Structures are given as structure tokens and as C-alpha cells.
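Residues take their numbers from the sequence shown, with the count starting at 1. In this text, all values refer to a predicted model and were calculated from it rather than measured experimentally.
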Amino acid sequence: MAKITYVEFGGTEHVVEVATGLTVMEGARDNNIPGIEADCGGACACSTCHVYVDEAWADKLPAMDDMEEDMLDFAFEPKPGQSRLTCQLKVSDDLDGLKVFMPEKQI
């Protein structure tokens, strides 16, 4: 399990434990975290699970693949180096303490 902090656009924080092997998106979905819509269910076919990763974590995450990078072109106000799709972030012990911020909206 890893503790993940999800921060809504308005600043409300949700700290939840997410089981190893799930994705950060599944952790949000399973804990009813608002702000992550996940319309495609985790298939990396949309950008509705877009978040901004806390700057302290940006370099600690696995590199994104080309498909994730392409999908981020459709995200609302992506930020280079911080924008990620939560469906592509697999939870492991290494992600314990991860903090992600939701954009103003998902598109």
C-alpha cells in the first residue's frame, strides 16, 4: 500500500491508501475522489485522469511512454514536466507519499 494525496482544484486534500498494483487513477476511482473522471477506464484513450504531479515527485516517477505523451496533448492546460495521466502510474511502495493536483477541469 502507498499513501497518495489527491488535491482537488479548490484545495481540498484527500489522503488515501492505494493497494500496490493498482493505478493512481484506480485509487481515485475506488475512493470517490472528485476531479478524476477516467472516462476510458484506464485504457490511455482520453485525458480525463490528468493531474499535475507535485514538483518533488516529477523526477521520481517512471518515464511516460509515447501514448501517454500523445494523450496529454488533449488535456486541459498541461504543464511540461508535471502533467501525467493517473491511469499510467502504477502504484508501488516507491510511490508512498505521492501528491497530485487536479486541473481546473478534465476534457
Side-chain angles (χ1 to χ4, degrees):
M1 289 252 181
K3 280 190 180 175
I4 311 283
T5 301
Y6 300 86
V7 183
E8 293 179 47
F9 181 72
T12 302
E13 291 191 9
H14 305 269
V15 180
V16 297
E17 289 191 347
V18 181
T20 299
L22 293 179
T23 63
V24 175
M25 182 273 299
E26 291 169 318
R29 179 199 64 204
D30 294 350
N31 289 281
N32 300 312
I33 306 296
I36 295 181
E37 297 171 12
D39 288 344
C40 74
C44 198
C46 71
S47 63
T48 61
C49 68
H50 169 232
V51 295
Y52 306 117
V53 175
D54 185 272
E55 289 180 3
W57 281 89
D59 292 335
K60 296 178 184 178
L61 297 175
M64 72 175 79
D65 62 21
D66 291 339
M67 187 163 49
E68 180 181 3
E69 192 168 350
D70 288 345
M71 282 293 105
L72 282 170
D73 289 340
F74 301 101
F76 179 75
E77 297 183 350
K79 294 180 183 178
Q82 280 187 278
S83 285
R84 294 297 301 261
L85 297 180
T86 55
C87 70
Q88 298 302 296
L89 297 174
K90 184 83 69 178
V91 174
S92 68
D93 291 341
D94 293 338
L95 292 191
D96 188 44
L98 175 66
K99 189 172 193 175
V100 297
F101 299 85
M102 269 62 108
E104 183 178 0
K105 61 185 176 179
Q106 299 286 357
I107 54 174

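Around the CG atom of Asp66, the shell of radius 6.0 Å holds no more than 12 heavy atoms that belong to other residues, nucleotides or ligands. The local environment of CG in Asp59 is sparse, with at most 12 non-hydrogen atoms from other residues, nucleotides or ligands closer than 6.0 Å. More than 12 heavy atoms of other shown residues, nucleotides or ligands fall within 6.0 angstrom of atom CZ in Phe76. For Glu55, the CD atom sits in a loose shell: 12 or fewer heavy atoms of surrounding residues, nucleotides or ligands are nearer than 6.0 Å.
Contact record, Cys40 with Ala43: SG-N, 3.3 Å, taken as the closest heavy-atom pair. Val91 and Thr23 get closest at one heavy-atom pair: CG2-C, 3.8 Å. Nearest approach of Ile107 to Thr48, heavy atoms of both residues: O-CG2, 3.6 Å. Annotation for Cys44 and Met71: closest pair O-CG, 3.4 Å, computed over non-hydrogen atoms. Between Ala2 and Ser92 the shortest heavy-atom distance is CB-O, 3.6 Å.
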For this session: Using the side-chain contact (heavy atoms from CB on, under 4.5 Å) rule, take Arg84 and Met64 through it: C-alpha gap first, then chi angles, then the decisive distance, then the call.
Result: CA-CA 8 Å; Arg84 294 297 301 261; Met64 72 175 79; 3.6 Å; yes
Exercise. How far apart are the C-alpha atoms of Asp94 and Lys60, what are their side-chain angles, what is the distance that settles it, and do they pass the side-chain contact (heavy atoms from CB on, under 4.5 Å) test?
Worked result: CA-CA 9 Å; Asp94 293 338; Lys60 296 178 184 178; over 6 Å; no
For this session: Please lay out, stage by stage, how Glu8 and His14 fare under the test side-chain contact (heavy atoms from CB on, under 4.5 Å).
Result: CA-CA 8 Å; Glu8 293 179 47; His14 305 269; 2.5 Å; yes
Problem set entry | Ile36 and Met102: CA distance, side-chain angles, deciding distance, side-chain contact (heavy atoms from CB on, under 4.5 Å) verdict | CA-CA 7 Å; Ile36 295 181; Met102 269 62 108; 4.0 Å; yes
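In terms of modelled atom types and a separation under 3.5 Å, the side chain of Thr86 and the main chain of Cys49 share a donor-acceptor contact.
Residues Leu89 and Met25 share a single hydrophobic cluster, defined by chaining ILVMFWY side chains whose heavy atoms lie under 4.5 Å apart. Under the 4.5 Å side-chain contact rule for hydrophobic residues, Ile4 and Leu61 share a cluster.
Residues Val7, Phe101 make up the rest of the hydrophobic cluster containing Tyr52, defined by ILVMFWY side-chain heavy atoms closer than 4.5 Å, directly or through other members.
Distance NZ/Lys90 to CG/Leu22: 8.0 Å, rounded to 0.5 Å. Within the model, atoms CD of Gln88 and CD of Glu69 stand 12.5 Å from one another, a figure rounded to the nearest 0.5 Å. Atom CD in Glu68 sits 7.0 Å away from atom SG in Cys87 (nearest 0.5 Å).
For the pairing with Tyr6, the side chain to side chain contact (heavy atoms under 4.5 Å, CB included) check across Thr12, Ile33, Leu98 returns one residue only, Ile33.
Side chains of Ser47 and Leu72 form no contact here, defined as non-hydrogen atoms less than 4.5 Å apart. Within the 4.5 Å cutoff, the side chain of Asp93 has heavy atoms near those of the Thr20 side chain.
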